[in-house]
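Accompanying notes for the structure given below.
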2 protein chains.
Amino acid sequence: MATMQDVARRAQVSLSTVSYALSGTRPVSDATRRRIEEAMAELGYQPNAMARGLASRRSHVLALIYPAMEKGLGGTVAEFVSSAAETARENGYHLVLWPFRTTQAPEVRDLVRQGMADGVLLMEVALDDARVDVLHEAGVPYTMIGRTRDVSDRPSVDIDFERTTDDAVAHLVELGHEHVAFVNHSQASADDGYAPTFRAEEGFVAAMRRRGLEPHALRVDESPRAGREAVATLLEREPRLTAFVTMNEIATFGVVAELQQRGLAIPADISILSIVTSPGVGEMSNPPLTTLHAPGAELGRLGVQKLLSLVDGSRPSTPNVLIPCVLEPGSSVAPAAGRAPDDDREPAAR
Amino acid sequence: MATMQDVARRAQVSLSTVSYALSGTRPVSDATRRRIEEAMAELGYQPNAMARGLASRRSHVLALIYPAMEKGLGGTVAEFVSSAAETARENGYHLVLWPFRTTQAPEVRDLVRQGMADGVLLMEVALDDARVDVLHEAGVPYTMIGRTRDVSDRPSVDIDFERTTDDAVAHLVELGHEHVAFVNHSQASADDGYAPTFRAEEGFVAAMRRRGLEPHALRVDESPRAGREAVATLLEREPRLTAFVTMNEIATFGVVAELQQRGLAIPADISILSIVTSPGVGEMSNPPLTTLHAPGAELGRLGVQKLLSLVDGSRPSTPNVLIPCVLEPGSSVAPAAGRAPDDDREPAAR
DNA sequence: GCGTTTCGACGAAGCGCTTCGACGGACGAG
DNA sequence: CTCGTCCGTCGAAGCGCTTCGTCGAAACGC
């Protein structure tokens, strides 16, 4: 493998001149630069990543701490990871995967100290997350996907749950729905400090109250069976329900199945609006679900960009952002039963 | 950040002795080793990854070239990636993500030359894949997930499509099914040289013929709509069909929907056995699908282990392996219509 | 015309580690 | 008691690059 020294010899210049030509840190005359570029091309030269990293104290590696979930990763996570990796690459960085859960803060600290990563992206932060503290103390640039309890000055990008739940409620209310239930993630997720469970619930409750409506929210285990039971519970609590907002993909399938089994047609009798969904999930139901799908790819891109602005002072800094979910029309939402047909159109959710 | 020099000073030994104590490359007395370990603990020492990499010419990084698919990644890919990352970490390696499609062999070559990765894991190899050639020529250790056209001596792990399709057919035949159709991936995937499309089709055809049965295989686009159309096409071709084997998750939902719409009960009238499925997909149908699910996690683990055995001569080498999919019972497969009820049990798939 | 900038290039000192050759002392063999 | 071995340790030479200080020569001002 050709080294920078080889290039220098071939171009009849000193090693350092090659380095400057490559980095642009100091001026190099056009003639010299040309000779160097030729030499590099002829030798197929590629700078050695380790040497460069050692000398510059810049590994050009970003680490992504992702949830090593037992349940397997959902499509949103995959989309996020993929988009993050791609964005990193476009900017000359590598993305390494660090599978660490909230409890593994010490491991994170050790890895960070090895200087392998210039910055860290932290997915699925819990409300109280020791990993964040570790990163903060270590002084490594980092960006959270999600937010810790205190909505502090810590750099983050996140889904805008308030906006998303409000959009969902608004969409349904415009169609005449007044009795709407919310199928949330499980109690177990809440116990783990999984933030979306709280933020979405609060958002839904607020959105309903704001419109003078009674919110019916339920935390439901991530299983079709629990989804079926949720329908039973919620319909008992409020028989006049005409719509469900769901943020629990697996349970949603149970909800659909149970409603159909009870002879309730979707969307004629009951509407279902599934929020924060993974790509393609809507299509897997019959009828296809109307969804507000999670902006996984966008989060990945923005997260990396934000992190890079922290790592590399020369890039424009980007502010903390909240991204709402995007409406993807399906066939599971219709005007509330009993409404005049001229209300038939579905207004945009935004 | 403490350096090895700091540790050496504190433990009153030379730099090199610390290095030997850490690596075990040369003997170090117990007393000395103890002093060194104490010093390391007191300083919170962690060896610098870049320096170590430069000096040893070992980055301790594995690269995973994964399909930067437009369609978004499926659960199997996510499971694979996650398991690969975890296995790498358990062995003291990092996993970096390189999103490159088949056409980006030059980019792969450049990155490899930068010496960032000790070895490369290549997902979703196409039948003819320039990336493999590049890796081969560069002399980097690599392992393919999947296989190229010539079933050569190239290191790989893969799903055992023959076995999986044969298991599927066997399972159905034991239940009395004689007219079975296969819903494959799309023609487009075949045109891209996507190997599973071919291997599974060949496997299915062979499995049917071996039993004296007529195979009905169809390549179907990855959409529910195409799945519905496939049902129409196949039922027209062979009205006596009692079972579908599907290897196309999105289309499968269309298949289910179309059958139900035609008043055909699943599994009473028609059985559906979905193969090479992502985790959790079965539960998303109503009734839940019986599946042979893809061993994503196992492939990830074995792929990394194989690669490490190539990278690091001191590890036991592992042979090329083919892993079959695993039966996950659901409620979409039953004895063929018209069969006696005493045949009611579902035999194990192998 | 001479001193002073400015520009472009050079040499050398690291970055923090691995690894090779060497060496002193303890120990067994003769 | 002496010589050869082996064990444990040390010093130094890189690994391939970045970056600082420096310096010659061309360009400039008065």
Side-chain angles (χ1 to χ4, degrees), chain A residues 1-37 39-40 43-61 92 110-118 312 314, chain B residues 1-37 39-40 43-61 92 110-118 312 314:
Chain A
M1 207 86 305
T3 72
M4 194 172 267
Q5 188 59 260
D6 298 332
V7 175
R9 259 194 295 273
R10 184 158 194 130
Q12 316 252 43
V13 295
S14 78
L15 209 190
S16 51
T17 302
V18 176
S19 176
Y20 291 127
L22 212 52
S23 67
T25 317
R26 283 193 186 179
V28 171
S29 72
D30 282 356
T32 310
R33 159 166 292 117
R34 200 157 19 246
R35 286 214 315 285
I36 291 174
E37 280 167 359
M40 295 200 301
L43 294 169
Y45 171 76
Q46 288 289 131
N48 180 287
M50 293 291 126
R52 189 198 273 264
L54 178 57
S56 66
R57 263 136 294 186
R58 274 294 174 75
S59 63
H60 278 237
V61 168
D110 289 351
L111 240 39
V112 160
R113 286 211 182 144
Q114 294 178 11
M116 168 94 289
D118 291 342
D312 179 351
S314 70
Chain B
M1 207 85 308
T3 73
M4 193 173 265
Q5 188 60 262
D6 298 332
V7 175
R9 258 194 295 273
R10 186 160 193 131
Q12 317 252 43
V13 295
S14 79
L15 210 191
S16 51
T17 302
V18 176
S19 176
Y20 290 128
L22 212 52
S23 68
T25 317
R26 283 192 187 181
V28 171
S29 73
D30 282 357
T32 309
R33 158 167 291 115
R34 200 158 18 248
R35 286 213 316 285
I36 291 174
E37 280 166 358
M40 294 201 301
L43 293 170
Y45 171 76
Q46 288 288 131
N48 180 287
M50 294 291 125
R52 191 199 273 262
L54 177 59
S56 66
R57 263 135 296 187
R58 273 297 174 72
S59 64
H60 278 239
V61 168
D110 288 350
L111 277 190
V112 160
R113 286 213 182 143
Q114 295 179 10
M116 168 93 287
D118 291 343
D312 179 351
S314 69

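Protein chains get the first letters and strands the later ones, always in sequence-line order, with residue 1 at the start of each.
- Annotation: of the two residues near DNA chain C, D30(A) and R52(B), the 5′-most nearest-nucleotide partner is D30(A).
- With sequence neighbours excluded, the residues satisfying side chain to side chain contact (heavy atoms under 4.5 Å, CB included) with R26(A) are Y20(A).
- Between the side chain of D118(B) and the backbone N or O of R58(B) there is no donor-acceptor pair closer than 3.5 Å.
- Counting only heavy atoms from C-beta outward, the side chains of L43(A) and V7(A) approach each other to under 4.5 Å.
- Nucleotide dC10(C) holds its C1' atom 15 Å from the CE atom of M4(A), rounded to whole Å.
- Taking for each of T17(B) and R57(B) the nucleotide of DNA chain D with the nearest heavy atom, the 5'-most of the two is the partner of T17(B).
- Evaluation of the salt bridge (Lys or Arg N to Asp or Glu O under 4.0 Å) rule for R10(A) yields E42(A) as partners, not counting sequence neighbours.
- Close approach of DNA chain D to chain A, defined as any atom under 4.0 Å from a non-hydrogen atom of the protein, starts and stops at dG16(D) to dT22(D).
- Direction of the helix axis in the helix from dG1(C)-dC30(D) to dG30(C)-dC1(D) shifts by 40° between the two five-pair termini, rounded to 10°.
- A heavy-atom distance below 4.5 Å is not found between the side chains of H60(B) and M116(A).
- Rounded to an integer number of Å, the gap from Y20(A) OH to dG8(C) C1' is 11 Å.
- Listed by chain and residue number, M4(A), Q5(A) satisfy the side chain to side chain contact (heavy atoms under 4.5 Å, CB included) test with L15(A) (two or more places apart in sequence, or in another chain).
- Contact annotation: the side chain of L22(B) approaches that of R52(B) to within less than 4.5 Å [non-hydrogen atoms, C-beta and beyond].
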Nucleotides 22-27 of chain C: which of its N/O atoms have a protein N/O under 3.5 Å away?
{"from": "dA22(C)", "atom 1": "N6", "to": "R26(B)", "atom 2": "NH1", "distance (Å)": "3.3"}

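- A search for salt bridge (Lys or Arg N to Asp or Glu O under 4.0 Å) contacts involving R9(B) returns D6(B), not counting sequence neighbours.
- Residue whose closest nucleotide on DNA chain D sits further toward the 5' end, between R33(B) and A51(B): R33(B).
- Within 4.0 Å of P27(A), counting heavy atoms only, lie sugar-phosphate atoms of the nucleic acid but no base atom.
- For the side chain to side chain donor-acceptor pair (under 3.5 Å) test, residues two or more places apart in sequence or in another chain that qualify with D312(B) are S314(B), R315(B).
- Taking R57(B) as the reference, nothing meets the side chain to side chain contact (heavy atoms under 4.5 Å, CB included) condition, with sequence neighbours excluded.
- S19(B) comes within 4.0 angstrom of a nucleotide base, judged by non-hydrogen atoms across all strands.
- S29(B) comes within contact range of the sugar-phosphate backbone alone, with a heavy-atom separation under 4.0 Å but no base atom that close.
- For S14(B), the side chain to side chain donor-acceptor pair (under 3.5 Å) criterion is met by S16(B), T17(B), not counting sequence neighbours.
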